[in-house]
Amino acid sequence: MTVFKFGGASVKDAAAFRNIFHILSGLDSSEKPLVVVSAMGKTTNALEKVFKEAYRNQDYSGTLQEIKDYHGGIVKELFPEEDHPVYAALQQQYSDLERLLKEVVSQDFDRQYDQIISRGELLSSQILHYYLCSQGYHNHWLDCRDYLRTDDTWREGRIDWAWTEQQISQHIPSILQEKPIITQGFIGATAQGETTTLGREGSDYSAAIFAYCLQAQSLTIWKDVPGLLNADPKLFQDTIRYEEIAYQEAIEMAYYGASVIHPKTVQPLAKKCIPLYVKSFLHPQEPGTVIWNCQHDRIAPSFILKQNQSLLSFHTKDFGFISEQHLSSIFQALSQHRLKINMMQNSAISFSTCVDTDDDRLEALKTHLADEFVILYNQPLHLFTIKNYDQPSLEKLTNGKEILLEQRSRNTFQFVCRPTEDFPH
Ligand code: ASP
Ligand code: MG
């Protein structure tokens, strides 16, 4: 069994759908993959927008119409027959979405977010299912919420591994014997059947969960880049592709923010030694990168940028030293308000940490700790990481930047700075 994952860029227009058919129909006929698909193009962002408008009681009809027009335009190109069943399926999806939007109330943001933001993958997977069938590539559409169970940590559902593995390994192999499967990335459901999401860009993780539970032979993530590169080519020039890389190395890169794979993806694969191929959907014959249980020497430095960071500094109100007690209440509050630490540093009377900017969560944190600390913050900032750095790479990247915080270990150099003209260029 093999698992494939196609991201938003690989279903962004009609030509992209045709390309997926081209890739799948080129496989050996005995290979019936389980295919995980993301929402089309930038649909998840558009759904976030429509949801926020509804939540704030604003007029969301314009944004909703844009989502419909975008999907409608592509479907029209792919299915010339007006009575094709895809149109009824689409109609059903739209009316579910409209009902959910009408029901939005101004509380319980994260829970309602999941109900609405998850619709993008339901739409894209149905369109892909019908399109492949129309081309003679018969496949089974699967609602992954019946297989992937999470707790109710909304927007970042935690997998119930025992239940999920049991459910997937019991039911899916027999379906795959008959037909390939098309299913959604990014979403799951609680035991009560409420939809959850796994965190933005979480479709890679979904694919890894399926691969793990199926003991798959491999997982292939199809991307718009030629493989795992040492930097994002949209941000950095002269990138190089790694041919192969060890699990550990890939886990660390994803952790520091390499956007090519979702950070949670590699762990489950490493546990069962399932190789992960990162390949270009535009050049499917090219080798891409394989992430697996290999040994290699020190590899070329990789450059990672996290944008939209906030640097917080906590000062005790009485100029007292930062004690373990203080740290404990800071960590407790960060965890409660779900702000993740990307970097941190302690000094005599202040503690600094760099987190992803989320204004609502930061406000809540400030209120929570207002009695104990004076909290200052600085944003928007960039957090750069160089893995396997050497002197030339370090000099090249820090040159001309105003550095607010830096840290280095034997292999990794990180710094927070103000955005400069050349990033992103
Ligand atoms: N569609 C979701 C997102 O854009 C999940 C994914 O693409 O992996 O975050
Ligand atoms: Mg995506």
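Both counts, for ligands and for their atoms, begin at 1 and track the order of listing. Both backbone and side-chain heavy atoms feed into the values below; hydrogens, waters and symmetry mates do not. For the single chain, residues carry numbers from 1 onward in sequence order.
The six-membered or imidazole ring of Tyr55 lies near that of Phe109, with a centre-to-centre distance under 6.0 Å. Between Phe331 and Phe351, the ring center distance clears the sub-6.0 Å criterion.
Using a 4.0 Å cut-off to heavy atoms of Ser38, the atoms of ligand 1 that qualify are 6 (C), 7 (O), 8 (O). Using a 4.0 Å cut-off to heavy atoms of Ser203, the atoms of ligand 1 that qualify are 5 (C), 6 (C), 7 (O), 8 (O). Each of the following atoms of ligand 1 lies closer than 4.0 Å to a heavy atom of Thr44: 1 (N), 2 (C), 3 (C), 4 (O). Within ligand 1, counting atoms from 1 as listed, the ones closer than 4.0 Å to a heavy atom of Arg200 are 3 (C), 4 (O), 9 (O).
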Could you walk me through whether Gln126 and Trp141 pass the side-chain hydrogen bond (donor to acceptor under 3.5 Å, both in side chains) check? CA-CA 7 Å; Gln126 291 214 332; Trp141 180 84; 5.8 Å; no
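In this structure a side-chain-to-backbone donor-acceptor pair under 3.5 Å is missing from Glu201 to Ile261.
Between Phe415 and Phe413, the two ring planes are tilted [angle within 30° to 60°].
Within the 4.0 Å heavy-atom criterion, the part of Glu121 lying near ligand 1 is the side chain and not the backbone.
Using a non-hydrogen distance threshold of 4.0 Å, Gly7 does not register as a contact of ligand 1.
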